[in-house]
Number of protein chains: 4
Amino acid sequence: MQAKAKTFTESARRAQIVAAAIETIAGLGYARASFAQIAKEAKLSSTGLISYHFANKEELVRTVLEDVFGEISAFMAERMSTPSSASAALRTYLEANLEFAAAQPTRMRALLNIFLGGALGYDPATEQAALEPVERILRWGQESGEFRDFDVRVMATTIRRSVEGPVFLLAGAPETDLTAYAEELVTLFDLATRRPT
Amino acid sequence: MQAKAKTFTESARRAQIVAAAIETIAGLGYARASFAQIAKEAKLSSTGLISYHFANKEELVRTVLEDVFGEISAFMAERMSTPSSASAALRTYLEANLEFAAAQPTRMRALLNIFLGGALGYDPATEQAALEPVERILRWGQESGEFRDFDVRVMATTIRRSVEGPVFLLAGAPETDLTAYAEELVTLFDLATRRPT
Amino acid sequence: MQAKAKTFTESARRAQIVAAAIETIAGLGYARASFAQIAKEAKLSSTGLISYHFANKEELVRTVLEDVFGEISAFMAERMSTPSSASAALRTYLEANLEFAAAQPTRMRALLNIFLGGALGYDPATEQAALEPVERILRWGQESGEFRDFDVRVMATTIRRSVEGPVFLLAGAPETDLTAYAEELVTLFDLATRRPT
Amino acid sequence: MQAKAKTFTESARRAQIVAAAIETIAGLGYARASFAQIAKEAKLSSTGLISYHFANKEELVRTVLEDVFGEISAFMAERMSTPSSASAALRTYLEANLEFAAAQPTRMRALLNIFLGGALGYDPATEQAALEPVERILRWGQESGEFRDFDVRVMATTIRRSVEGPVFLLAGAPETDLTAYAEELVTLFDLATRRPT
DNA sequence: GATGAATGAGTATTCATTCAT
DNA sequence: GATGAATGAATACTCATTCAT
């Protein structure tokens, strides 16, 4: 169905390498995540194998991002189905994000390490892609009259960054209760967005 | 009060190198900010000159951080003097931060790239230092009855990250109006923190 | 018995590099035996190839020592089998050492340059290992009554250094007759150790 | 009286630098005895000052050697005056050498570190200079009939190396009794050189 | 005479990538 | 498909030496 059909072996290897890359980037930070380290993590005999399956380090990193974003999307899609109102959607968005951070802390750390390690030159398009779903919810709420009249871009940016907060926090304090954290964020943004009565 | 007396030439060179380092880290990200790149930016004859003035890359980075933090502190100190209420303090905090981001976008980008680039192993203490002033304001507001009863840590983290948001945004959209952005954040967090009537 | 199985190509390369290192260390002294010099001697494309095969300079030097000690041990083992008396053993020890120095002058010079170059922090244990076989012979001779009552440590140190003497001498006067040199040393230490009648 | 008259200040500085060089070479080994380290030891403000007073590192090292050899010669000259016999002279030579090693361990260590560090390409002339006085004693003894008919070069080399032995030994075992060591050597070489009766 | 600054070649080591087998 | 070997540019950092002041 897809543009380039890959053999089973090939995609299995690619998946294995991507998994090792995630583990390594999350563990050592992007700067120290060399092909050598990734190959060791994947128990590969040669870094050449990575180059064989990925044109560049950049392609590998892009694939890692696609994998992580794919997981997030799937996770979110399952949870966000047909919300009854914008504020319910917002609540679900916040909760689902923190649930994902709790469920997949390694993937989340890898994601952030890539962005912050300066792996790719800052790409506004990627940022926009992450912001899009939030902005959709916010616009819906404003149109339906649930939400007050704020700047959608500012609110979306703030919300997006608020759910990334605990990812770092988890590194320093792994026992953090993300369910409680989510509840606080829900209240915070409910008050911040709700149309005053 | 002065730690070590340096000659004029030396501190001029150090300043020049620090400035070039800021420019380079802001522009290329921490990972790609090698001595070679910094030397090129500063038009130095060799990377050896950097090593001549800084014992380590770490010392250089530390000096960059001190420079940036120094600027921020001076800027904030001037603006935050004797606020009359916690909510006024919070407003000032948000405004001053965004003003600084508007005035010194390069310094700000460098700062964030350093932290996110994993230049220094993630250090909870540093994070706490950044959070401390915000938490103080929030506790004050809760004690005085201005603010409602939220989790201080969560709110502080969210506020801190909210003011970092526009730093990246500026790279993609330099025309962003940070005064308006600040006004939105002030309203957002006023609603989020204020004791309901 | 074998520690790590290496491929043929790898051990060939390692051997080639070790040989070049020996040549270089013997010729220029340890201090000037940089990876660059060794690579030039071995006609390698880059110093990176040395780092590819040896984790450290230390590992390379250790391998050089193992190579040289291995050769010496093999050489000595063949010659020292079941001596009939302590004085015969001492004679054989002296002769075998000088024969080796004549047969492998480069290896010997490399060995001494490494030790004297301070490549490894002065290690009493290594020195003791070199002294051990001599001390064993001397104690045997004292117990059997062949040798007089001298301080074993002093005599052993003197003997050990005496066989190192010609290694340097060879550099200045390559025509030196080491067989005659050995004969002189045999007589010297026979007189010095023998129980007076 | 001397070829190049130097000002007082100049020779004082040179002496100070030489002293610091000795201390540094003895302490850190030749390889790590950089101008920077020597300047620090001498509390000099700049390594440039060393270059100002010495054309090369080589000249500095040569001057160090001259200083050390000068001290040794003076020490020896005082002790060796008009010996009554070759065997007495040999005894005195051995004792004086070990006394010097005990009195000036730093100078001795520096001396050896220079030779062994490969500081200067192996120079047969220097070695010959060290051997000369010993050979003179040995020839005297053979001519007077006190000594047996051995190869002077071999015996001299062995004697020379025997007195260097304890210098290394002192590093590992500083409590070594060099007087006793000297007595052992005296006996050893008395037996080895004496004409059999 | 002395100082601090600068230079540029040198150090070992790491890296992504290529390629023959 | 996979492997081990090789490449050469890049990394931060050190060094002896030069030079203007």
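Here is the naming used below: chain letters follow the sequence lines, and residue numbers restart at 1 for every chain.
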Item to check | Footprint string (nucleotides 14-21 of chain F, 5' to 3'): B base within contact, S backbone only, - free, heavy atoms under 4.0 Å | outcome: BSSBB---
Checklist entry - Can a side chain N or O of C/T9 be found less than 4.0 Å away from OP1 or OP2 on F/dG4? => result no
Next on the checklist: Under 4.0 Å, heavy atom to any atom of DNA chain F: which of residues 11-23 of chain C qualify?
Outcome noted: C/R13
Checklist outcome for this item: Rounded to the nearest 0.5 angstrom, the OG1-CZ distance for B/T7 and B/R13 is 11.0 Å
Checklist entry - How many Å lie between CG on A/L44 and C1' on F/dG4, as a whole number? => result 13 Å
Next on the checklist: In whole Å, I'd like the distance from the CZ atom of B/F8 to the C1' atom of E/dA5.
Outcome noted: 14 Å
Checklist outcome for this item: Distance col, row C/L28:CG vs C/E23:CD, nearest 0.5 angstrom, shows 10.0 Å
Pairs of donor and acceptor atoms involving the side chains of residues 39-53 of chain A, under 3.5 Å and at least two apart or interchain, shall be tabulated with distances.
from  : atom 1 : to    : atom 2 : distance (Å)
A/S46 : OG     : A/G48 : N      : 2.8
A/H53 : ND1    : A/E10 : OE2    : 3.4

Next on the checklist: Expected output check: what is the dot-bracket annotation of DNA chain E, where ( ) and [ ] are pairs inside the strand (brackets for crossing ones), | is paired with another strand, and pairs are Watson-Crick or G-U under 3.5 Å?
Outcome noted: .||||||||||||||||||||
Next on the checklist: Under 4.0 Å from OP1 or OP2 of F/dA6: is there any side-chain N or O of C/H53 that close?
Outcome noted: yes
Next on the checklist: Run the salt bridge (charged side-chain N to carboxylate O under 4.0 Å, His left out) test against C/E71 and tell me which residues pass, sequence neighbours left out.
Outcome noted: C/R107
Checklist outcome for this item: Taken to the nearest 0.5 Å, the spacing of B/R14 CZ from B/D67 CG works out to 11.0 Å
Checklist entry - Do the non-hydrogen side-chain atoms of B/I72 and B/L111 ever get within less than 4.5 Å of each other? => result yes
Next on the checklist: Distance check needed: E/dT14 C1' versus A/I38 CD1, whole Å only.
Outcome noted: 14 Å
Checklist entry - Roughly how far apart are D/K57 NZ and D/Y30 OH, rounded to 0.5 Å? => result 4.5 Å
Checklist entry - Expressed in angstrom and rounded to an integer, what is the separation of C/E59 atom CD from E/dT13 atom C1'? => result 13 Å
Item to check | Partner set under side chain to side chain donor-acceptor pair (under 3.5 Å) for D/E66, not counting sequence neighbours | outcome: none
Next on the checklist: Checking side chain to side chain contact (heavy atoms under 4.5 Å, CB included) between B/I25 and each of B/I114, B/L60, B/L112, which is the one that passes?
Outcome noted: B/I114
Checklist entry - Rounded to the Å, how far apart are B/E10 CD and E/dT3 P? => result 16 Å
Checklist outcome for this item: Rounded to the nearest 0.5 angstrom, the CD1-CD1 distance for C/I22 and C/I38 is 10.5 Å
Checklist entry - Rounded to the nearest 0.5 Å, how far does CZ of A/F35 lie from CD1 of A/I17? => result 9.0 Å
